[in-house]
Structure formats: C-alpha cells, structure tokens
Peer 1: 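Got a structure here, written out as structure tokens. Questions coming.
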Amino acid sequence: MENTVLIDRNEALKRFRPISGNSHKGVQGHALIVGGSYGKMGSVCLSSKACLKSGAGLVTAYIPKCGYEIVQTALPEAMVITDDYTDHITAIGYKIKVDAVAIGMGLGHHSDTQHALYHFLKMTAIPMVIDADALNILSENKSWFEMLPNQAVLTPHKKELERLIGSWNSHDEMIEKVKAFSGDFDVVVVVKGAPTYSVYLDSVFENTTGNQALATAGSGDVLSGIIAGLLSQGYAALDAGVLGVYLHGLTANIAVPEIGHHSFIASDCINNLGKAFLSLY
Ligand SMILES: NC(=O)C1=CN([C@@H]2O[C@H](COP(=O)(O)OP(=O)(O)OC[C@H]3O[C@@H](n4cnc5c(N)ncnc54)[C@H](OP(=O)(O)O)[C@@H]3O)[C@@H](O)[C@H]2O)[C@@H](O)CC1
Ligand SMILES: Nc1ncnc2c1ncn2[C@@H]1O[C@H](COP(=O)(O)OP(=O)(O)O)[C@@H](O)[C@H]1O
Ligand SMILES: [Mg+2]
C-alpha cells in the first residue's frame, strides 16, 4: 500500500536507544501491568516478564487476590498489588508513581471490572498500552473511547479490531478505518497479524519480522509487556509500538532455526528478547 513504511533493522535502529552506563532502576521507568482473573494469571506473568526483559527498571502487577502467589512465584523480580477481590479486578487503586501502564491481559469482562476500567481511564493520563479484554470492554462501551489518553497504544488482533471499529471488506478499507479511528481519538493502533501494522493518524508502518511460531497462546500478552517496557523508559508511543513489534517478531526469527514453529511458546519469545535487543548493537 502507498506510503507504508517497512520496519526493518535500519528503521528499528532509528528508534532504538541503548541504556546509558550510569542509569539505575529509578530512571529506567516503572511500569504497571494491570490484568488477570481466575484462570488467566499466566497472561500477567508473561506480560510482566516481557516488560522487565525490555528494560523497565521496575514492574508492578496489579491483579486480583487469586494471582498473588502465582505472580510472586513465577516472577520474583516483579512487585504485586492486589485488588480487594479474589477472582477479578474491581477497582484499580495504587499509591506508587508509575511511568507507563499495560492493561487488559486476562482481565475478563465482569461488570465490576468494566466499572474499574471506566474509572481508571477517567483518572489516568500516563502512557498506556491497551490490550485484550480492556479493548473488548471498550468495544462494549464505545462512548468511553473519548476517555482514551492521548497517544495510548492499542494492540488489537483482528477480532478485537473488528469489535472496536466494525468489519471491513478489504485490507485497504481496514487500514483507512484504522487511520480514521487513530485520528478521531489520537491513539496508536497496532493491528496484530501476519504482518502487523502500526498506524498513527495517516502514517502506516508494516513490520518485517515474525513468523507463524508466534501463533501461540500468550504471544500478544508478551507484546503488550514489551511495549509497556519501552514506554516506561520514555519512548514515544509510536516508537514504542513500532520497535516493540519489530523486537517481538525478531524473537521468533531467532528462535525458529533451533526450536521450530511447533514448539515455540510465548516464554520462548521472552527468552529470546535479549538476542533481539543485541541484534541492534
Ligand atoms: N495464559 C493465559 O493466561 C492466556 C490468557 N489470554 C487472555 O485470554 C483472553 C481472551 O483472549 P483471546 O484473544 O483468546 O480471546 P478473543 O478476543 O475472544 O479472541 C478469540 C477469537 O478471536 C479470533 N482471533 C483470535 N486471534 C486472532 C487473530 N490473531 N486474528 C484473527 N482472529 C483472531 C478467533 O476467532 P475466529 O477466527 O475463530 O472467529 C478466536 O476464536 C484475553 O484476556 C487474553 O489476554 C490469552 O492471551 C491466552 C493466554
Ligand atoms: N502467523 C503469524 N505470523 C506472524 N505473527 C503472528 C502470527 N500469528 C500470530 N502472530 C503474532 O502473535 C501475536 C498474537 O497476539 P494475540 O492474538 O493477542 O495472542 P494472545 O492473546 O494469546 O496473547 C500478535 O503479535 C501477532 O501478530
Ligand atoms: Mg491477546
């Protein structure tokens, strides 16, 4: 499509910033990962770990009580704040200062959780990744789009996108609808698929990394954590989206010669993030 920028290594390099030698965790950014519900706590573990492995200095997971031991055990590097309720999130309150948020992974769509998302969006204007069930809740409450923070990064797969903007008849029509949505609400839309397109206003960026190994549970949860990690370090929303998608895809390109398409799982995506970052030096 005309005016689409292909995101290859050169384009990724234009956006990538190495970490300076005198950095410390306090300046690397604090990311909050909000998600999880009974049976879906793995999504928060994956997202939080990917966020830490993308350079965030601190990561706190905001989760329902049932996930406390799960997240603390799976990921000792992360801190945890629990909701008052056991199985799902009912209010999103915290006293810490955070630099970026990723919200929605495994969240579910209980009416209490919808209420919590409403108040969170109303009160929160920091860099934000909105994924999975947070997108689905927004789709059920389209008047809430107005509350989206400027330059929030939305990461829908095609079904989630259809719930947000309605259906399309061709690829070009989909892109035009996404551009219009981005302009209406000043958001970056990462349309996940093969390939993934990142859209902001009239600009479209087509990713060149990734393969079918990523067609596995939780790989999108990993992507939202990577983007939140970059946002927490001060990357601009579009750069975080474009670079995050590039690195996420690259993990699969790196891993597949050794592990193959069938056996790659979302944790392998995380395990290869280090090599993906190193390829940019
Ligand atoms: N370990 C954990 O804790 C995990 C927790 N997870 C959490 O689970 C929650 C539900 O997330 P979800 O994406 O599975 O549900 P949902 O939005 O209804 O989509 C399902 C339907 O949409 C379609 N579809 C899906 N992908 C598509 C694509 N790429 N391209 C096109 N279509 C696609 C497909 O529909 P079909 O094509 O069959 O019509 C499919 O049936 C969410 O909170 C997530 O974070 C998961 O991340 C897994 C690991
Ligand atoms: N065939 C494929 N080729 C390239 N990337 C893919 C392919 N299938 C899935 N992906 C990527 O994997 C991720 C899947 O995200 P998502 O559907 O949200 O998964 P989940 O909700 O299980 O975490 C997206 O980044 C998508 O682009
Ligand atoms: Mg998903």
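Numbers here are sequence positions counted from 1. Just follow the structure's listing: the first ligand is 1, and inside any ligand the first atom is 1. This is a predicted model, so every value here is computed, not measured.
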Peer 1: Would you check the N or O atoms of A217, main chain and side chain alike, for any that come under 3.5 Å of an N or O of ligand 1?
Peer 2: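 So ligand 1 has no N or O lying under 3.5 Å from an N or O of A217.
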Peer 1: Any side-chain to backbone donor/acceptor pair from S48 onto V44? Under 3.5 Å, distance only.
Peer 2: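 Flag set: sc S48 to bb V44 pair under 3.5 Å.
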Peer 1: For atom 46 (C) of ligand 1, which protein heavy atom lies nearest, and how many Å away is it?
Peer 2: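 Nearest protein contact, heavy atoms only, for atom 46 (C) of ligand 1 is D221 OD2, 3.8 Å.
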Peer 1: More than 12 heavy atoms of other residues, nucleotides or ligands under 6.0 Å from OH of Y118: is that the case?
Peer 2: no
Peer 1: Identify the protein heavy atom lying closest to atom 31 (C) of ligand 1, giving its residue, its atom name and the separation to 0.1 Å.
Peer 2: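 It is K158 CB, 3.7 Å.
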Peer 1: Does anything in residues 117-128 form a salt bridge (Lys or Arg N to Asp or Glu O under 4.0 Å)? List the pairs, not counting sequence neighbours.
Peer 2: none
Peer 1: Within the side chain of S139, is there an N or O that forms a donor-acceptor pair under 3.5 Å with the backbone of L135?
Peer 2: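 Yes; at least one donor-acceptor contact below 3.5 Å.
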Peer 1: Need the ligand 1 atom indices (1-based, order shown) with element for anything under 4.0 Å from a heavy-atom of G42.
Peer 2: 3 (O)
Peer 1: Mind checking whether H157 contacts ligand 1 via backbone (N, CA, C, O), side chain (CB onward), both or neither, at a 4.0 Å heavy-atom cut-off?
Peer 2: side chain
Peer 1: Taking salt bridge (Lys or Arg N to Asp or Glu O under 4.0 Å) as the test, write out the residues that go with D99, two or more places apart.
Peer 2: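 In terms of salt bridge (Lys or Arg N to Asp or Glu O under 4.0 Å), with neighbours along the sequence ignored, D99 is linked to K97.
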Peer 1: Report the part of E160 (side chain from C-beta onward, or backbone N, CA, C, O) that has a heavy atom under 4.0 Å from ligand 1; answer both or neither where that applies.
Peer 2: side chain
Peer 1: Would you kindly confirm whether L46 and L75 end up in one hydrophobic cluster when ILVMFWY residues are joined by side chain heavy atoms under 4.5 Å apart?
Peer 2: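 No; tracing contacts between hydrophobic side chains, which count when under 4.5 Å, never links both residues.
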Peer 1: Tell me which protein heavy atom sits closest to atom 2 (C) of ligand 1, plus the residue, atom name and distance to 0.1 Å.
Peer 2: S43 N, 3.5 Å
Peer 1: When you measure from the side chain of S54 to the backbone N and O of L230, does any donor-acceptor pair fall under 3.5 Å?
Peer 2: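 Absent.
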Peer 1: Evaluate the 4.0 Å heavy atom contact test for atom 37 (O) of ligand 1: does a protein atom fall under the cut-off?
Peer 2: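 Not a single protein heavy atom is under 4.0 Å away.
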Peer 1: Have a look at N136 and tell me which of H109, K159, Q114, R163 forms a side chain to side chain donor-acceptor pair (under 3.5 Å) with it.
Peer 2: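 One option only clears the test, and that one is R163.
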Peer 1: Which residue holds the protein heavy atom closest to atom 7 (C) of ligand 1, what is that atom called, and what is the gap in Å?
Peer 2: K40 CD, 3.8 Å
Peer 1: Of the side chain and backbone of R163, name the one, both, or neither that has a heavy atom under 4.0 Å from an atom of ligand 1.
Peer 2: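 Just the side chain.
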Peer 1: Are any of the side-chain nitrogens in E11 or K14 under 4.0 Å away from the carboxylate oxygens of its partner?
Peer 2: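 Here E11 pairs with K14 in a salt bridge, since their nearest N and O are under 4.0 Å apart.
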Peer 1: Holding to side-chain contact (heavy atoms from CB on, under 4.5 Å), I want the full list of residues that pass it with K95, two or more places apart in sequence or in another chain.
Peer 2: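 None.
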Peer 1: Does the protein put any heavy atom within less than 4.0 Å of atom 34 (C) of ligand 1?
Peer 2: no
Peer 1: Give me the atom names and distance for the closest heavy-atom approach of S279 to L250.
Peer 2: OG-CD2, 3.2 Å
Peer 1: Residue-level breakdown please: for A132 versus ligand 1, do any non-hydrogen atoms fall below 4.0 Å on the side chain, on the backbone, on both, or on neither?
Peer 2: side chain
Peer 1: Show the short N or O contacts, below 3.5 Å, that ligand 2 makes with protein N or O atoms; if there are none, say 'none'.
Peer 2:
{"unit_1": "ligand 2", "atom_1": "3 (N)", "unit_2": "N211", "atom_2": "O", "d": "3.3"}
{"unit_1": "ligand 2", "atom_1": "12 (O)", "unit_2": "L214", "atom_2": "O", "d": "3.2"}
{"unit_1": "ligand 2", "atom_1": "12 (O)", "unit_2": "S219", "atom_2": "OG", "d": "3.0"}
{"unit_1": "ligand 2", "atom_1": "15 (O)", "unit_2": "G220", "atom_2": "N", "d": "3.3"}
{"unit_1": "ligand 2", "atom_1": "18 (O)", "unit_2": "K192", "atom_2": "NZ", "d": "2.7"}
{"unit_1": "ligand 2", "atom_1": "19 (O)", "unit_2": "G220", "atom_2": "N", "d": "3.4"}
{"unit_1": "ligand 2", "atom_1": "22 (O)", "unit_2": "G218", "atom_2": "N", "d": "2.8"}
{"unit_1": "ligand 2", "atom_1": "23 (O)", "unit_2": "G218", "atom_2": "N", "d": "3.3"}
{"unit_1": "ligand 2", "atom_1": "23 (O)", "unit_2": "S219", "atom_2": "N", "d": "3.4"}
{"unit_1": "ligand 2", "atom_1": "23 (O)", "unit_2": "G220", "atom_2": "N", "d": "2.8"}
{"unit_1": "ligand 2", "atom_1": "23 (O)", "unit_2": "D221", "atom_2": "N", "d": "2.9"}
{"unit_1": "ligand 2", "atom_1": "27 (O)", "unit_2": "G193", "atom_2": "N", "d": "3.1"}
{"unit_1": "ligand 2", "atom_1": "27 (O)", "unit_2": "G193", "atom_2": "O", "d": "3.0"}
{"unit_1": "ligand 2", "atom_1": "27 (O)", "unit_2": "T196", "atom_2": "OG1", "d": "3.1"}

Peer 1: Would one find an N or O of K192, backbone or side chain, under 3.5 Å from an N or O of ligand 1?
Peer 2: no
Peer 1: Look at atom 23 (C) of ligand 1 and say which protein heavy atom is nearest, naming residue and atom and giving the distance to 0.1 Å.
Peer 2: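 Atom 23 (C) of ligand 1 sits closest to the protein heavy atom K159 CB, 3.5 Å.
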Peer 1: Would you say V242 and V188 are hydrophobically clustered, going by side-chain heavy atoms of ILVMFWY under 4.5 Å?
Peer 2: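 The answer is yes; both residues are in one hydrophobic cluster.
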Peer 1: Only heavy atoms count here, so choose which of L214, L107, D133 is nearest to atom 43 (O) of ligand 1.
Peer 2: D133
Peer 1: Hey, is atom 20 (C) of ligand 1 under 4.0 Å from any protein heavy atom?
Peer 2: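 It does not; no protein heavy atom is within 4.0 Å.
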Peer 1: Nearest protein heavy atom to atom 40 (C) of ligand 1: under 4.0 Å?
Peer 2: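 No, because not a single protein heavy atom sits under 4.0 Å from atom 40 (C) of ligand 1.
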Peer 1: Is it true that the NZ or CZ of R17 lies under 6.0 Å from the centre of Y235's six-membered ring and within 45 degrees of the ring axis?
Peer 2: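 Because its charged atom sits under 6.0 Å from the ring centre and within 45° of the axis, R17 does stack over Y235.
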Peer 1: Among all protein heavy atoms in this structure, tell me which lies nearest to atom 44 (C) of ligand 1, with the distance rounded to 0.1 Å.
Peer 2: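 The closest one turns out to be G106 N, 3.8 Å.
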Peer 1: Specify whether the nearest protein heavy atom to atom 26 (N) of ligand 1 is under 4.0 angstrom away.
Peer 2: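 Under the 4.0 Å cut-off, atom 26 (N) of ligand 1 does have protein heavy-atom neighbours.
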Peer 1: Just to verify, which of F145, Y200, W168 counts as forming a ring-ring contact (aromatic ring centres under 6.0 Å, His included) with F181?
Peer 2: F145
Peer 1: Are the side chain of D87 and the backbone of Y38 linked by a donor-acceptor contact shorter than 3.5 Å?
Peer 2: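 Looks like no, no N/O pair under 3.5 Å.
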